[in-house]
Amino acid sequence: MSLDILNHEPLRFLISFALILFLVLNLAAILTLAERKVSAYIQLRYGPNRVGPRGLLQPAADIFKLFTKENVSPNRADRWIFLAAPIAMFIPAAAVWLVIPFAPEAVVADLNIAIVFFIAITSIGALGVIMAGYGSRSNFSLLGALRGAAQMISYEVPLILSLLGVILLAGSLSLVDIVNAQSGGFWHWYFLPQFPMFVVFYIAGLAEARRVPFDLPEGESEISGGFMVEYSGMTWGLIQASEFASMGLISALHVTLFLGGWQPPVEFLDLGNFDWIWFGLKTALIMFTFQWIRWTVPRLRMDQLMDFGWKILVPICLVWLLVTAGVMLII
Amino acid sequence: MIREERGAGEQTVEERASGRLAGTAIRDEFGLETLDMNMGPQHPAMHGLLRLILQLDGETVVRCDPVMGYLHRSKEKISENRMYPAVVPITDRIDYMNNIAMEYGYCMAVEDLLEAEIPPRADAIRALLNELGRIMSHIPSIGFLLLELGAFTPILYAFRERERIQDMFEAITGARMMFHYIRIGGVKSDLPEGMPERMWEYVESLEERLNPDFIDLIEGNEIFVARTRNVGKITQEKAVEMGLTGPPLRCTGVSYDVRRDYTYGWYKNLDFNVITDEAGDVEASYRVRIGEVRESIRMIKQILEALPEGEVMADLGRRIRPPEGDGFGRAESARGEYAVHVVSDGSDTPYRVHYRTPCTVNMQLLQEIVPGHYLPDIMPIMGLIDPVSGAWDK
Amino acid sequence: MPKLGQGILKGMGITLKHLFDKKVTRQYPDYKRPLPERSRGMLTVDMDRCIACLQCQRICPDHCISIEQEKRDIDGSGKPKPYAVGFVIDDSRCLYCGLCVEVCPVNCIYHTEEFEIQAYNRLELARQFGERPVDPTIDPKPTVKKKKPAKTAPKKDTTA
């Protein structure tokens, strides 16, 4: 049977979108388990090990539980905004996956402005946080939403600035082009010439994904859940899924931009059609470091978070951007 | 005991907030309002059941009113209706993180009434367990401080230690938390076979683990330092004026410790330092606690090296019926000075028992120093005071 | 901030080391650790030995033991002796202090190693040992008689 139908553009797009959605939801489930296992092993525990062999079916049990739970909303909540917020958070996190190149030919939409698409769509994620916070009408969630808005908008700046160096080097806004420009061994990857940007993107990505030490909007011990304090059942599950999806997304972008995407570290390890394994391995490694950091460090305070973003990350980006541009001008 | 050169004067709320407050002029012009927020009694960071009524200007706390009493179990009144020995298990429940010191204080007060002589071995075992109890309380309180700052891991390392100490306590006393081991006139029974060796082995291994798990992981961490340095700053005058005791007092530099200044039991035979720190902020209290754990390990080793032989219970007769009068006992619990006043009317039951728990007094600090800090700073300040719900409400 | 990141990296080294350490969890329902000899579990009564002296009922801080006493000629000597027809231990009140075990003159009340106590109803926690059930909801009357306050009042006023 030929796969010609895949060449019909709308159909191909729909099928790919369904596949991406499937992947993102599964990723969220797998990451939930990974998160719990990593935390448990760091904390000298075993983690979930009752459902299925070594606890592998735990995510299924979790999702089943979330689906059967009642979806409670506060009496005074703005019901439509309250219910729309998880969706507004999840869709952007899932949509950006469309432009991520998994392997040479495996990309849903090879946009020539993929990076701009990424920037535009992730900004909408902040809207979801604000909607959730205002919609639930609670002091705690209001504080969480305000923190979330301030944090995600401020950290967008270093995030975007750190991309510019890569764009300068590759001379393209298309992610496929950027990956192709990094071919031929790991010394061609952009994390070496762009090391400060690599670090800044990592830190700003942590903040965009609202991970510890930047989980202020959630602030478990201060505002006891922040913007998601009133959610329960599957709406809460959707927020969690979008958090994990955006964490995976940031890792995938990090790999694509700085660690050579699907490119193998040395030439002879080229796996041909299976190069997506390299992509997966690198992404998994970055995601592991996200979790590793989460279970090691405490959380920053709001003013320190802002200071760190504006007074340290942004100047580093600007300086290195100038250096990159200057070097490129000379060479 | 207070140093000659006193620290800088007390800060006002505005000074502490240093420009974070909107100011009345701006507030009036833009019609800004403060936000009233009710934190607790059910809240993950409130060390039990505490309600804080906060007035917020942005994220800055303008006013903080702690409301206590959600865990009041009328321990003092119950104690009036129980026979003298039967009060001991009730004192266990006052400070449930450091029970052994609670028993110790009460038993000392009744022994003061009876003018009883305690056998030296009983005294040594009491001091031994008291120090072990201090480790058992200080290490989790460091963990709780980190938990409230957002790091989840140290609390589980802390509970690993607490579990191991609890295992030893279970072998000695028969229970994991509510020991009921120190009795009026001594201790319930001698240490079991092989326990001194086991304890020695444990404190040696704890010394090894203390460095990576509770110091390297925490002390140098930039985020920890940023969150705790200069947060919850207490001056010496303020600390003395508020009647603070324990680590919150010692972290300001006032060297006061009941074990040394009003020595009791076996402590007069021991050589130990009172750990103080100059800074008087949350980081200093963390350092004081770590230092005290080290001192406790030293003391346990000293006691184990020279453990006297003999009886562990003085003969006070079958019924304890003290003469009329009053007895007073004070002990240094992990949270500060714990004192018990027992008044006897000559009957089987106390006429009146008063427990002075350090938490009740130290908690008063909250409304004094929280205003002017950011909302997330409340949690490290709670970690500085490290109160226990059962102890402040009794 | 000259040393930015060093402390965090050090901490991350420690957590990475613990990732591969031996785990300390005890898988509780599967593995039950051996209890020490002295551990205080649920109470049980050997009714054959009980002489109904009521000492345990008197000492109990939470009045969890109720005994119904009756004079009965047990050994056939023609002299009726106290006999416990009803004996209830209310585990919902018991605080496991072990005072009753210590005062018992015939060692008929003692701790077991059992510690898993749970029930859907509080009354199910009241365990009956005698031939006749005793109502656990009735608080046994305080057996301690409070002496009237002495004429010379306590020296100090302690309410302060």
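Letters A, B, ... are given to chains in the order of the sequence lines, protein chains preceding strands, and every chain is numbered from 1. Below, each value reflects all heavy atoms present in this structure, side chains not excepted, and no hydrogens, waters or symmetry copies.
- For B:Arg164, the part lying under 4.5 angstrom from a heavy atom of chain C is the side chain only.
- Contact of the B:Asn221 side chain with the C:Lys10 side chain is not registered, since no non-hydrogen atoms from C-beta on lie closer than 4.5 Å.
- Residues B:Glu222 and C:Ile8 come closest through the heavy atom pair OE1-N, 3.3 Å.
- For CG of B:Asn211, the number of neighbouring non-hydrogen atoms (other residues, nucleotides, ligands) closer than 6.0 Å is greater than 12.
- Considering only heavy-atom pairs separated by less than 4.5 Å from chain C, the leading option among B:Ala171, B:Gly220, B:Pro212 is B:Ala171.
- Of all the heavy atoms in B:Ser189 and C:Arg38, the pair that sits closest is OG-NH1, 3.3 Å.
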Verdict with supporting geometry, B:Glu170 and C:Leu35, side chain to side chain contact (heavy atoms under 4.5 Å, CB included): CA-CA 8 Å; B:Glu170 189 179 15; C:Leu35 289 172; 3.7 Å; yes

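- In plain terms, the two heavy atoms of B:Leu217 and C:Ile14 that are nearest each other are N-CD1, 3.6 Å.
- In this structure, the side chains of B:Pro85 and C:Glu102 stay at 4.5 Å or more apart for every pair of heavy atoms.
- Between C:Lys17 and B:Asp216 there is no salt bridge, since none of the side-chain N atoms of the basic residue sits less than 4.0 Å from a carboxylate O of the acidic one.
- Taking 4.5 Å as the limit, every side-chain heavy atom of C:His63 sits out of range of all side-chain heavy atoms of B:Asn81.
- Shown here is B:Arg209, whose CZ atom has more than 12 heavy atoms of other residues, nucleotides or ligands within 6.0 Å.
- In this structure, C:Glu37 has no side chain to side chain donor-acceptor pair (under 3.5 Å) partners at least two apart in sequence or on a different chain.
- Residue with the most contacts toward chain B among C:Gly13, C:Pro61, C:Gly11: C:Pro61 (heavy-atom pairs, distance under 4.5 Å).
- The one candidate from B:Met178, B:Arg93, B:His180 that meets the side-chain contact (heavy atoms from CB on, under 4.5 Å) condition with C:Leu95 is B:Arg93.
- By the 6.0 Å contact criterion, CD on B:Glu197 is enclosed, its count of non-hydrogen atoms from other residues, nucleotides or ligands being greater than 12.
- Within the 4.5 angstrom heavy-atom criterion, only side-chain atoms of B:Glu163, from C-beta onward, approach chain C.
- Residue contact with chain C, scored on non-hydrogen atoms closer than 4.5 Å, involves the backbone of B:Phe179 exclusively.
- In terms of heavy-atom pairs under 4.5 angstrom with chain B, the leader among C:Val103, C:Leu99, C:Leu9 is C:Leu99.
- Crowding of C:Glu116 atom CD: a count of heavy atoms from other residues, nucleotides or ligands under 6.0 Å exceeding 12.
- Of the N and O atoms on the side chains of C:Arg40 and B:Thr173, not one donor lies less than 3.5 Å from an acceptor on the other residue.
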Please report the C-alpha distance between B:Tyr157 and C:Val24 in whole Å, then the side-chain angles of each, then the deciding distance to 0.1 Å, and finally whether the side chain to side chain contact (heavy atoms under 4.5 Å, CB included) criterion is met. CA-CA 10 Å; B:Tyr157 296 160; C:Val24 294; over 6 Å; no

